[in-house]
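In what follows, a single structure is set out as structure tokens and then discussed.
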Amino acid sequence: MDQEFTLVEHLTELRKRLIVVAIAFIVSLGIGFAIAAKILNFIKMQPTAVNVDWNVFGFTDGIMIYFKCALLLAILFTLPVLLHQVWLFVKPGLSENEAKGTFLFIPVSFFLFLAGVSFSYFILFPMMLNFMSDINQSIGATETYGMSQYFTFMFNLIIPVGIVFEMPVVIMFLTKLGIVTPMSLRKMRKIAYFVLVIIGVLISPPDFMSDILIIIPLFILFEISILVSSVTLRKMNQRIEKEILL
């Protein structure tokens, strides 16, 4: 009976956290819709967009781009709330030191997502556009792009890259749980590289140069994750040794 009541309590707590996240998402989506036009106009003035004619080739192109921009902003605004609610949900089962340590996941995760979005938009996206434009011009093709093609390509790049940049903090979390160790990560390096190559090919445009521009940062992120796992494990062992001595 106690276990049943505990399960009900957990489900009630989970529902409360999900409601908070849902409300935050709805409010953020409303804010996104309110400022999407300004964001799109700002993007329109960037160097990568000056040569693109803002044509639409379908009646729904404009509203779909508007919605995607608002959705991206909503995800960005909701992410810290989601991470905080996850931390509050698991906090009762953590010790005081664990609670303090895991709280750092919130700003770190948010920063890594922003770093991934910024890296993909300011570095990868312009390089890929220039490379593909040069290829098109070299074969004498006439480039006719519209608003939908530009933003769909951009959104399909920056959102997956932003998510993939969470790799170090995920590895840190799994290390704290004892699921992975630096040694196991090093042993599975070849398999991990193969998986990362597949991910890089899936989220990048179908050309070799774009694949390389995505895959190399993924390899670097994996190596950083191993380093993060090593530091995390060392700190955990030091804390355990201190507790034993006390």
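Since the structure is predicted, the reported quantities are computational estimates derived from the model, not experimental observations. Because only heavy atoms are used, hydrogens play no part in the values below, and waters and symmetry mates are left out as well, while side chains stay in.
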Stepwise side chain to side chain contact (heavy atoms under 4.5 Å, CB included) test for Val195 and Ile198 | CA-CA 5 Å; Val195 173; Ile198 294 175; 5.6 Å; no

Could you tell me if the side chain of [Y] sits less than 4.5 Å from the side chain of [X], heavy atoms only?
| X | Y | answer |
| --- | --- | --- |
| Gln46 | Phe42 | yes |
| Ile224 | Ile171 | no |
| Phe153 | Leu129 | yes |
| Thr78 | Leu29 | no |
| Asp61 | Ile65 | no |
| Ser28 | Leu73 | no |
| Met154 | Leu72 | no |
| Lys16 | Gln85 | no |

Could you check whether the rings of Phe219 and Tyr193 sit parallel, tilted or perpendicular, using 30° and 60° as the cut-offs?
->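 Because their plane-to-plane angle is under 30°, the rings of Phe219 and Tyr193 count as parallel.
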
Between the side chain of Ser118 and the main-chain N/O of Ala115, is any donor-acceptor distance below 3.5 Å?
-> no

Would you find a donor on one side and an acceptor on the other, under 3.5 Å apart, between the side chain of Ser109 and the backbone of Ile106?
-> no

At their closest point, which heavy atom of [X] faces which heavy atom of [Y], and how far apart are they?
| X | Y | result |
| --- | --- | --- |
| Thr175 | Ser229 | OG1-OG, 2.9 Å |
| Val81 | Ala24 | CG1-CB, 3.7 Å |
| Phe110 | Leu83 | N-CD1, 4.1 Å |
| Ala70 | Ala36 | N-CB, 4.3 Å |
| Pro126 | Ile123 | CD-O, 3.4 Å |

Mind checking the [atom1]-[atom2] spacing from [X] to [Y]? Nearest 0.5 Å is all I need.
| X | Y | atom1 | atom2 | value |
| --- | --- | --- | --- | --- |
| Leu82 | Ile75 | CG | CD1 | 11.0 Å |
| Leu11 | Glu13 | CG | CD | 11.0 Å |
| Thr181 | Ile226 | OG1 | CD1 | 10.0 Å |
| Leu71 | Phe33 | CG | CZ | 8.0 Å |
| Ile159 | Lys68 | CD1 | NZ | 9.0 Å |
| Leu40 | Met147 | CG | CE | 5.0 Å |

Begin with the C-alpha distance, continue with both residues' side-chain angles, and end with the deciding distance and a verdict on side chain to side chain contact (heavy atoms under 4.5 Å, CB included) for Tyr121 and Ile43.
-> CA-CA 10 Å; Tyr121 178 71; Ile43 294 174; 3.9 Å; yes

Sole candidate of Phe119, Phe222, Phe113 that passes ring pair (Phe, Tyr, Trp, His ring centres under 6.0 Å) when paired with Phe165 |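 So, applying the ring pair (Phe, Tyr, Trp, His ring centres under 6.0 Å) to Phe165 and each of Phe119, Phe222, Phe113, only Phe119 qualifies.
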
Apply side chain to side chain contact (heavy atoms under 4.5 Å, CB included) to Ile214 and Ile199, showing your working.
-> CA-CA 9 Å; Ile214 288 287; Ile199 293 174; over 6 Å; no

Given side chain to side chain contact (heavy atoms under 4.5 Å, CB included), test Val21 with Arg17 step by step and report yes or no.
-> CA-CA 6 Å; Val21 173; Arg17 301 301 171 196; 5.6 Å; no

Is it the case that more than 12 heavy atoms not belonging to Ile191 sit under 6.0 Å from its CD1 atom?
-> no

With ring centroids as reference points, do Tyr150 and Phe125 lie under 6.0 angstrom apart?
-> yes

